[in-house]
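Proteins come first, then strands; the chains are lettered A, B, ... in the order of their sequence lines, and each starts at number 1. The structure presented is a predicted model; accordingly, all values stated were derived computationally and were not measured. All values below were derived from every heavy atom in this structure, side-chain atoms included, with hydrogens, water molecules and symmetry-related copies excluded.
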Amino acid sequence: MIARASKLFLPTLRDDPADAEAVNHKLLVRGGFVRQVTGGVWTFLPLGWRVHRKVEQIIREEMDAIGTQEMLMPVLTPFELWQQTGRDYIPELFRLKDRKGAEYVLPMTHEETVAFHARELQSYRQLPQMLYHFSIKERDEPRPGKGLIRLREFIMKDAYSFDRDEEGLAKSFDLQRGAYNRIFDRLGLEVYGVEAESGMMGGKESFDFLAPTGAGENTLVRCENGDFAADLEIARGVARPPVFPETLLSTEEVETPDVRTCEALADFLSIDVAATSKAMPVTTDDGMVVLALVRGDDRIEPAKLDAALGKPSRPATDDEIRAAFGASGGSLGPVGFKGEVVADETLRHGQFVAGANKDGWHLLGVEAGRDFQPRFADLRASHEGDICPVCGGKLQFETAIEVGHIFKLGTRYSAPLGANFVDEDGQEKPLIMGSYGIGPARVIAATVEQRNDENGIIWPASIAPYDVHIVVVKGAEEVGEQAAAVLDAAGFDVLLDDRDQRPGEKFADADLIGIPIRITAGKKSLEDEAVDVKDRATGAERRVNVADLGKELG
RNA sequence: CGGGACGUAGCUCAGCCUGGUAGAGCGCUGCCUUUGGGAGGCAGAAGCCGUCGGUUCGAAUCCGACCGUCCCGACCA
């Protein structure tokens with residue numbers, strides 16, 4: 001196939017768009033791949049859509065290869081289905097009414113709809129089943145942005161598995177996980193599969209696929225020795241051991257005027273900040289004030305705290321703190337507090353300095369179990385300097401894009417929607433479900449974030465919009481056409497830049513667009529019926545006879 | 001939802017403080033010239049200065065509200 005640049009809708013830009021910060025945003029807009037219509041809502045222009053379809057095709061092939069069947073479910077969905085699963089409250093859910101007043105949602109994912117169809121699976125003899133589709137998802141995100149990373153409307157491949165039991169689900173899950181690894185491999189993306197939080201999807205186990213990039217919304221924690229990787233939200237790094245002061249037989253009050261932070265406290269007392277404790281009072285959604293306690297050098301990871309509490313929480317207000325502690329922030333501690341105390345595992349052993357619940361005073365030698373009775377949980381956010389739980393190596397932190405997420409759902413959707421089957425024993429049981437999502441737009445964003453230089457994008461061959469970009473310099477039109485014809489006959493997709501532009505502009509556009517192979521047809525090579533072939537990634541250039549192009553690039 | 005920045009031609013921006021005929025570069029149209037890394041010349045087209053309201057003889061400019069975009073935070077399958 002030969003596409004002529006002179007005929008394409010391919011609006012490249014010389015400058016970065018003013019409102020772009022993320023690299024993927026800048027380069028995809030400048031390269032004429034995409035345009036934003038409104039916040040978080042984008043059009044894929046012809047060039048960008050070619051990339052999108054290539055990404056889809058790789059996903060499609062790997063889904064098909066493990067027996068997942070492609071279908072298509074609608075966007076417009078009865079609200080009732082979401083009421084039945086109790087997901088009708090989700091703030092990100094777009095809702096609308098038709099002219100008769102009937103209510104609909106624009107779904108953010110299709111568990112409800114696919115479970116609705118799965119009601120037609122009636123016997124264990126029909127299991128397992130795996131279904132998928134590519135379809136538009138709608139999410140009323142409070143803060144869309146960062147180019148194609150956080151969108152309000154996007155296409156997702158979502159697959160669903162249906163099994164008779166947990167064992168079957170484990171097999172389906174492994175099949176999908178294997179397919180995901182092959183997909184990311186073919187996409188040329190650096191991706192790490194890690195344990196993850198399930199969030200509002202429910203279910204028991206989930207696995208995130210994180211692509212480390214310059215822009216992103218997740219943090220990938222990795223051991224320098226490559227034996228540990230996790231999402232920061234659940235990463236369990238090992239904190240360094242504190243240097244404790246002398247052990248005390250009982251707590252001692254100490255006056256600490258104007259000390260507001262743990263660092264200041266440690267300075268004031270001349271002790272290791274890791275030997276202090278940090279109190280964070282939170283209010284749960286049922287109105288209880290709970291004291292969360294971590295080491296002075298740690299920060300609380302809210303996702304972990306909520307998981308430990310089993311319910312959402314928010315920082316307590318000043319009034320709530322006064323009422324519960326009789327002191328204000330900066331001097332709070334667990335000793336004497338009447339409510340529940342949840343302490344991080346790092347506080348299990350040793351004596352720490354804690355607030356005395358008296359403004360301007362702290363307690364020395366506070367010991368869990370002796371001076372207060374906490375419930376222990378993993379609350380602390382891992383941070384740089386933590387130690388790998390596997391090998392003791394150093395943990396490294398990287399910003400990452402979540403490009404895929406797979407879940408073991410169990411009966412979370414099948415039970416409320418009545419998607420049951422009759423098992424071998426004659427009993428009716430809910431289907432055991434899994435769901436498996438991947439967003440091509442995020443794949444594209446992550447690819448651009450990972451593969452670019454100061455001149456533009458460097459696509460991997462597997463998803464490049466075209467295979468070869470031919471730059472025709474004035475006077476070499478004939479050779480350019482010949483080269484295009486030879487490559488076309490050899491099965492390559494060719495972008496032929498036949499525009500009436502100066503060569504510099506064409507080279508700049510070629511670098512920006514980032515097709516892996518650039519061919520220049522110009523006077524330099526004209527006399528020997530040859531062209532210059534340049535590798536976008538390495539910059540290596542060589543001269544090839546037009547007749548040999550098919551063989552040389554094959 | 002909190003904090004911040006911004007909104008003027010297709011794009012990137014100046015003008016605003018100190019109110020008085022709306023500007024530049026790039027791009028676009030025509031012609032000339034040039035052609036292996038975003039050339040040059042001549043001539044042109046192109047903007048309801050985000051919207052609404054207020055102040056004023058007069059508002060891109062001052063004031064207010066709203067809308068939109070981007071960033072940080074909260075939130076997030």
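- Whole-Å rounding puts the A/K506 NZ to B/rA39 P distance at 13 Å.
- Counting any heavy atom pair closer than 4.0 Å across all strands shown, A/G437 reaches no nucleic acid atom.
- Checking B/rC76, B/rC11, B/rG36 against every side-chain atom of A/E141, the shortest atom distance belongs to B/rC76.
- For B/rC72, the OP1/OP2 oxygens have a side-chain nitrogen or oxygen of A/R143 closer than 4.0 Å.
- For A/Q69 and A/Q129, the side-chain atoms include at least one donor-acceptor pair closer than 3.5 Å.
- Nucleotide B/rC17 is matched to nothing when pairs are restricted to Watson-Crick or G-U wobble geometry with both distances under 3.5 angstrom.
- B/rA59 is unpaired under the criterion used here, namely a Watson-Crick or G-U wobble arrangement in which both key atom distances are under 3.5 Å.
- The separation between A/D16 atom CG and B/rC70 atom P is 15 Å, rounded to whole Å.
- With B/rG25, B/rG37, B/rA74 as the choices, the nucleotide that has an atom nearest any side-chain atom of A/P142 turns out to be B/rA74.
- Remark: B/rC70 base-pairs with B/rG4; criterion is Watson-Crick or G-U wobble with both hydrogen-bond distances under 3.5 Å.
- A cation-pi contact, defined as under 6.0 Å to the ring centre and within 45° of the axis, links A/R177 to A/F207.
- Between B/rU35, B/rG36, B/rC71, one nucleotide has an atom nearer to the side chain of A/E21 than all others, and that is B/rC71.
- Residue side chain A/R518 reaches the base of B/rG37 through a donor-acceptor N/O pair under 3.5 Å, judged by distance alone.
- Pair assignment for B/rC11 gives B/rG25, based on Watson-Crick or G-U wobble hydrogen-bonding distances that are each under 3.5 Å.
- Using a 4.0 Å heavy-atom criterion, one finds that A/F154 contacts the bases of the nucleic acid, with or without backbone contacts as well.
- Counting any heavy atom pair closer than 4.0 Å across all strands shown, A/P17 reaches sugar-phosphate atoms only and no base atom.
- Between A/F184 and A/F209, the ring planes lie tilted relative to each other; the angle falls in the 30° to 60° range.
- Nucleic acid contact class of A/D158 (heavy atoms, under 4.0 Å, all strands): none.
- With distances taken from any side-chain atom of A/D15 to the nucleotides B/rC11, B/rC76, B/rG36, the minimum falls on B/rC11.
- Remark: B/rA46 base-pairs with no nucleotide; criterion is Watson-Crick or G-U wobble with both hydrogen-bond distances under 3.5 Å.
- Annotation: of the two residues near RNA chain B, A/K137 and A/W42, the 5′-most nearest-nucleotide partner is A/W42.
- Of all nucleotides listed (B/rC71, B/rC75, B/rG36), B/rC75 comes nearest to the side chain of A/E92.
- Comparing B/rU35, B/rC11, B/rG68 against the side chain of A/L13 picks out B/rC11 as the nearest.
- A 3.5 Å limit on both hydrogen-bonding distances identifies no Watson-Crick or G-U partner for B/rG36.
- A/R35 comes within contact range of no nucleotide atom at all, as no heavy-atom separation falls under 4.0 Å.
- Side-chain atoms of A/D498 and A/S6 include a donor-acceptor pair closer than 3.5 Å.
- The A/A508 side chain lies nearest to B/rG37 when the options are B/rG37, B/rU69, B/rU35.
- A ring-centre distance under 6.0 Å is not found for A/W82 and A/Y89.
- You'll find that the side chain of A/R502 is closest to B/rA39, out of B/rA39, B/rC70, B/rG37.
- Note on A/Q501: every side-chain N or O is 4.0 Å or more away from OP1 and OP2 of B/rG37.
- Base pairing of B/rG64: its partner is B/rC52, meeting the Watson-Crick or G-U wobble criterion (both donor-acceptor distances under 3.5 Å).
- When heavy atoms are screened at a 4.0 angstrom cut-off, A/S525 is found touching base atoms of the nucleic acid.
- Judged purely by distance below 3.5 Å, without hydrogens or angles, the side chains of A/E449 and A/N24 pair a donor atom with an acceptor atom.
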